[in-house]
Amino acid sequence: QVQLVESGGGLVQAGGSRRLSCVASGLTFTNYAMGWFRQAPGKEREFVAAVSWTGEGTSYADSLKGRFTISRNNARNTVYLQVNSLKPEDTAVYYCAARNPLNSRYESSLSYDYWGQGTRVTVSS
(Lines give C-alpha, C1' and ligand atoms only; values in the text may rest on other atoms or scores of the structure.)
Protein backbone atom coordinates (compact mmCIF):
# COMPACT_ATOMS: atom_id res chain seq x y z
CA GLN A 1 0.00 0.00 0.00
CA VAL A 2 1.45 3.32 -1.08
CA GLN A 3 1.51 5.95 1.62
CA LEU A 4 2.72 9.53 1.69
CA VAL A 5 2.74 11.07 5.15
CA GLU A 6 3.36 14.78 5.63
CA SER A 7 4.50 16.44 8.81
CA GLY A 8 5.97 19.70 10.01
CA GLY A 9 2.99 21.99 9.80
CA GLY A 10 1.69 24.10 12.61
CA LEU A 11 1.16 27.64 13.77
CA VAL A 12 3.86 30.13 12.84
CA GLN A 13 4.10 33.91 13.04
CA ALA A 14 4.42 35.98 9.91
CA GLY A 15 8.04 36.09 8.81
CA GLY A 16 8.82 32.72 10.31
CA SER A 17 9.91 29.46 8.73
CA ARG A 18 9.01 25.79 8.75
CA ARG A 19 10.35 22.65 7.16
CA LEU A 20 7.69 20.28 5.94
CA SER A 21 8.50 16.62 5.41
CA CYS A 22 6.84 13.85 3.44
CA VAL A 23 7.83 10.23 3.97
CA ALA A 24 6.90 7.75 1.26
CA SER A 25 6.39 4.03 1.63
CA GLY A 26 5.06 1.21 -0.50
CA LEU A 27 6.74 2.42 -3.68
CA THR A 28 10.19 2.66 -5.18
CA PHE A 29 10.87 6.25 -4.24
CA THR A 30 13.44 6.96 -6.94
CA ASN A 31 10.95 5.96 -9.65
CA TYR A 32 8.95 9.09 -8.93
CA ALA A 33 9.23 12.78 -9.26
CA MET A 34 7.66 14.55 -6.30
CA GLY A 35 5.62 17.67 -5.82
CA TRP A 36 4.06 19.91 -3.21
CA PHE A 37 0.68 21.53 -3.56
CA ARG A 38 -1.38 23.61 -1.20
CA GLN A 39 -5.00 24.46 -0.69
CA ALA A 40 -6.15 27.50 1.24
CA PRO A 41 -9.65 27.79 2.70
CA GLY A 42 -12.16 28.49 -0.05
CA LYS A 43 -9.58 28.20 -2.82
CA GLU A 44 -8.54 25.59 -5.35
CA ARG A 45 -5.48 23.44 -4.89
CA GLU A 46 -2.42 25.11 -6.38
CA PHE A 47 1.04 24.05 -7.41
CA VAL A 48 3.89 24.95 -5.08
CA ALA A 49 7.03 23.08 -6.14
CA ALA A 50 8.32 19.94 -7.83
CA VAL A 51 11.57 17.99 -7.81
CA SER A 52 12.96 15.36 -10.17
CA TRP A 53 13.77 11.83 -9.07
CA THR A 54 17.43 12.72 -8.63
CA GLY A 55 16.77 15.93 -6.76
CA GLU A 56 18.74 17.90 -9.34
CA GLY A 57 15.80 19.48 -11.12
CA THR A 58 13.42 21.76 -9.23
CA SER A 59 10.51 23.95 -10.26
CA TYR A 60 8.44 26.49 -8.36
CA ALA A 61 5.36 28.56 -8.68
CA ASP A 62 6.59 31.96 -9.83
CA SER A 63 5.14 33.78 -6.86
CA LEU A 64 6.97 31.52 -4.41
CA LYS A 65 10.46 31.56 -5.86
CA GLY A 66 13.00 32.74 -3.33
CA ARG A 67 10.90 31.82 -0.30
CA PHE A 68 10.22 28.10 -0.78
CA THR A 69 12.75 25.35 -1.43
CA ILE A 70 12.03 21.73 -2.34
CA SER A 71 14.53 18.93 -1.84
CA ARG A 72 14.62 15.18 -1.37
CA ASN A 73 16.64 12.55 0.41
CA ASN A 74 16.27 9.31 -1.48
CA ALA A 75 17.99 7.28 1.21
CA ARG A 76 15.23 8.34 3.60
CA ASN A 77 12.36 8.19 1.09
CA THR A 78 11.61 11.76 2.06
CA VAL A 79 10.83 14.99 0.25
CA TYR A 80 11.05 18.34 2.02
CA LEU A 81 9.62 21.78 1.59
CA GLN A 82 11.42 24.60 3.36
CA VAL A 83 9.11 27.57 3.70
CA ASN A 84 10.59 30.94 4.69
CA SER A 85 9.34 34.46 5.23
CA LEU A 86 5.86 33.16 5.71
CA LYS A 87 2.87 35.39 5.12
CA PRO A 88 -0.73 35.01 6.28
CA GLU A 89 -1.73 34.19 2.71
CA ASP A 90 0.50 31.10 2.90
CA THR A 91 -1.98 29.58 5.32
CA ALA A 92 -3.12 26.33 3.74
CA VAL A 93 -3.04 22.59 3.90
CA TYR A 94 0.14 21.45 2.18
CA TYR A 95 0.12 18.15 0.30
CA CYS A 96 2.91 16.08 -1.15
CA ALA A 97 2.37 13.91 -4.20
CA ALA A 98 4.21 11.41 -6.40
CA ARG A 99 4.38 11.64 -10.18
CA ASN A 100 5.61 9.41 -12.99
CA PRO A 101 8.54 11.42 -14.36
CA LEU A 102 7.43 10.62 -17.91
CA ASN A 103 4.66 13.13 -17.32
CA SER A 104 6.35 16.51 -17.56
CA ARG A 105 3.34 18.59 -16.54
CA TYR A 106 4.54 18.94 -12.98
CA GLU A 107 2.32 21.93 -12.25
CA SER A 108 -0.89 19.97 -12.79
CA SER A 109 -2.54 18.06 -9.96
CA LEU A 110 -3.79 15.57 -12.53
CA SER A 111 -0.22 14.45 -13.23
CA TYR A 112 0.23 12.93 -9.79
CA ASP A 113 -0.63 9.35 -8.92
CA TYR A 114 -0.39 9.36 -5.13
CA TRP A 115 -1.22 11.95 -2.50
CA GLY A 116 -0.72 12.39 1.19
CA GLN A 117 -3.34 13.61 3.63
CA GLY A 118 -1.69 16.98 4.04
CA THR A 119 -0.23 19.03 6.85
CA ARG A 120 -1.73 22.34 7.87
CA VAL A 121 0.33 25.51 8.04
CA THR A 122 -1.29 28.47 9.75
CA VAL A 123 0.48 31.82 9.58
CA SER A 124 -0.62 34.46 12.04
CA SER A 125 -0.19 38.18 11.56
Side-chain angles (χ1 to χ4, degrees):
Q1 182 68 44
V2 173
Q3 285 191 299
L4 305 177
V5 181
E6 302 97 333
S7 63
L11 178 64
V12 59
Q13 293 182 345
S17 300
R18 302 285 286 190
R19 190 178 74 161
L20 311 183
S21 299
C22 173
V23 179
S25 61
L27 78 171
T28 302
F29 189 60
T30 53
N31 284 353
Y32 294 87
M34 301 294 294
W36 285 94
F37 290 75
R38 69 183 185 182
Q39 188 164 22
K43 297 184 178 180
E44 296 183 353
R45 189 168 299 186
E46 66 175 342
F47 170 72
V48 173
V51 62
S52 67
W53 72 272
T54 65
E56 296 296 328
T58 58
S59 299
Y60 300 91
D62 288 340
S63 62
L64 302 179
K65 289 181 179 178
R67 294 199 299 121
F68 288 16
T69 303
I70 189 171
S71 62
R72 66 191 294 165
N73 187 323
N74 288 338
R76 298 177 179 176
N77 284 9
T78 303
V79 61
Y80 305 95
L81 184 71
Q82 179 72 37
V83 293
N84 298 328
S85 301
L86 286 165
K87 307 172 182 179
E89 52 263 43
D90 294 320
T91 295
V93 177
Y94 286 73
Y95 300 90
C96 70
R99 185 184 86 251
N100 187 326
L102 294 176
N103 191 334
S104 62
R105 295 183 293 114
Y106 54 81
E107 74 283 2
S108 173
S109 297
L110 299 178
S111 297
Y112 293 81
D113 299 315
Y114 304 107
W115 292 82
Q117 292 297 117
T119 185
R120 182 177 297 275
V121 175
T122 302
V123 184
S124 64
S125 59

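Values below: every heavy atom of this structure, side chains too, minus hydrogens, waters and symmetry copies. It should be emphasised that the depicted structure is a prediction, and the values quoted were computed from it without experimental measurement. One-based numbering along the sequence shown.
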Following the transitive rule for hydrophobic clusters with a side-chain heavy-atom cut-off under 4.5 Å over Ile, Leu, Val, Met, Phe, Trp and Tyr, establish whether [X] and [Y] coincide in one cluster.
X	Y	answer
F29	Y106	no
F68	F37	no
V2	Y32	yes

Roughly how far, to the nearest 0.5 Å, is the [atom2] atom of [Y] from the [atom1] atom of [X]?
X	Y	atom1	atom2	value
L64	S85	CG	OG	11.5 Å
S108	R45	OG	CZ	11.5 Å
L4	D113	CG	CG	10.5 Å
M34	C96	CE	SG	5.0 Å
Q13	L86	CD	CG	11.5 Å
Q39	E44	CD	CD	8.5 Å

Could you list all the side chain to side chain donor-acceptor pair (under 3.5 Å) pairs where at least one residue sits in residues 92-104, not counting sequence neighbours?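 Applying side chain to side chain donor-acceptor pair (under 3.5 Å) to every pair that reaches into residues 92-104, excluding sequence neighbours, yields R38-Y94, R99-Y112, N103-S111.
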Listing request: all side chain to side chain donor-acceptor pair (under 3.5 Å) pairs with a residue in residues 73-82, at least two apart in sequence or in separate chains.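 Sorted result for residues 73-82: R72-N74, Q82-N84.
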Just checking W115: does its CH2 atom have more than 12 heavy atoms from other residues, nucleotides or ligands closer to it than 6.0 angstrom?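 Yes - once you tally the heavy atoms of other residues, nucleotides and ligands closer than 6.0 Å, there are more than 12.
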Taking everything shown except E89 itself, do over 12 heavy atoms lie less than 6.0 Å from its CD?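 Above 12, so yes.
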Looking only at heavy atoms, what is the nearest atom pair of [X] and [Y], with distance?
X	Y	result
S125	A14	CA-CB, 4.4 Å
L11	S124	CD1-CB, 4.2 Å
T91	V123	OG1-N, 2.9 Å

With distance as the sole test, does Q3 use its side chain to make a donor-acceptor pair with the main-chain N or O of A24 at under 3.5 Å?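 Side chain of Q3 to backbone of A24, a donor-acceptor pair under 3.5 Å: no, none is there.
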Expected output: side-chain R18 to main-chain G8 donor-acceptor under 3.5 Å: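 Yes; judged by distance alone, with no hydrogens or angles, the pair exists.
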How about W36 and F47: are their ring centroids closer than 6.0 Å?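 Between F47 and W36, which both carry aromatic rings, the centre distance is not below 6.0 Å.
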